[in-house]
Amino acid sequence: MTLTPDTAALTPAAAEKILADNFAAWVLDLGLTIESVESADGSGAVLRLPWSDRLAREGGGLSGQALMAAADTATVIAVAAARGGFVPMTTVQQSITFQRAVVGSDVLVRARLTKSGKRMAFADITMTADGTEEIAAHATAVYALLG
């Protein structure tokens, strides 16, 4: 994984500020919080998507749209961790598989960069209901780094 020169470790507080300063209001309405960030070769982030009846689909499970938005957001924080701060970027591709419903539980969204270069970053994202290691959804994402 290639890091830019003079990158410093991204703190959870700095990641929370990136979240607050760089995302659309409706994404912030999801209530995502930063659980942890990891810089350098293990660059990644863990975000918490709190349960909300407002995010549930018919049948009571957490909606796929909320999970996809959470995966996308966690990837931005993982890229920021690798870069030592926020850089302009855009989603090029995101794919997700839903493996089990999440009902009445927060979701931990773990994004880990599998490769990060000068212009592209690739991520693997797993989502689990809080308190279990059983994967509820798995995503992959590709980002173009613009700055």
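Note that the numbering runs from 1 along the sequence shown for the chain.
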Inset, instruction - Determine whether Tyr143 and Met120 fall in the same hydrophobic cluster, where Ile, Leu, Val, Met, Phe, Trp and Tyr are linked whenever their side-chain heavy atoms lie under 4.5 Å apart. - result: no
Inset, instruction - Pick out which of Gln99, Arg100, Arg110 makes a side chain to side chain contact (heavy atoms under 4.5 Å, CB included) with Thr128. - result: Arg110
Inset, instruction - Check whether any side-chain heavy atom of Asp124 lies under 4.5 Å from a side-chain heavy atom of Thr126, and answer yes or no. - result: yes
Legend entry - Connected via hydrophobic side-chain network under 4.5 Å: Val102 and Met68: yes
Inset, instruction - Could you check if a side-chain atom of Leu28 sits within less than 4.5 angstrom of a side-chain atom of Leu19, using non-hydrogen atoms only? - result: yes
Inset, instruction - Find out if a path of hydrophobic residues (ILVMFWY) with successive side-chain heavy-atom gaps under 4.5 Å connects Phe86 to Leu32. - result: yes
Legend entry - Hphob cluster co-occupancy, Val27 + Val46, side-chain heavy atoms under 4.5 angstrom: no
Legend entry - Closest approach of Val103 to Gly61 (non-hydrogen atoms, all atoms of both residues): CG2-CA, 3.9 Å
Inset, instruction - Test Thr140 against Phe122 for side-chain contact (heavy atoms from CB on, under 4.5 Å), laying out the working first. - result: CA-CA 8 Å; Thr140 58; Phe122 301 82; over 6 Å; no
Inset, instruction - Looking only at non-hydrogen atoms, find the nearest pair between Ala56 and Trp51 and report the distance. - result: CB-CH2, 3.9 Å
Inset, instruction - Step by step, work out the side-chain contact (heavy atoms from CB on, under 4.5 Å) result for Ile18 and Leu10. - result: CA-CA 10 Å; Ile18 289 169; Leu10 186 70; 3.9 Å; yes
Legend entry - Residue pair Ile34 / Glu16: nearest heavy atoms and the distance that separates them: N-OE2, 2.8 Å
Inset, instruction - Enter the distance from Ile96:CD1 to Asp72:CG here, rounded to the nearest 0.5 Å. - result: 10.0 Å
Legend entry - Side-chain donor/acceptor of Ser43 to backbone N/O of Ala78, under 3.5 Å: no
Legend entry - Single-linkage hydrophobic cluster, 4.5 Å side-chain cutoff, Leu30 and Met127 together: yes
Legend entry - Taking every non-hydrogen atom, the tightest pair across Ile135 and His138: CG2-N, 4.2 Å
Legend entry - Shortest non-hydrogen separation from Ala144 to Val92 and the atoms involved: N-CG2, 3.5 Å
Inset, instruction - Would you sort out whether Met89 and Thr75 count as a side-chain contact (heavy atoms from CB on, under 4.5 Å), showing the intermediate values? - result: CA-CA 11 Å; Met89 65 187 91; Thr75 303; over 6 Å; no
Inset, instruction - State, yes or no, whether a side-chain contact exists between Leu49 and Leu55 at a heavy-atom distance under 4.5 Å. - result: yes
Legend entry - Asp130 to Ser105 - nearest heavy-atom pair and separation: N-OG, 3.4 Å
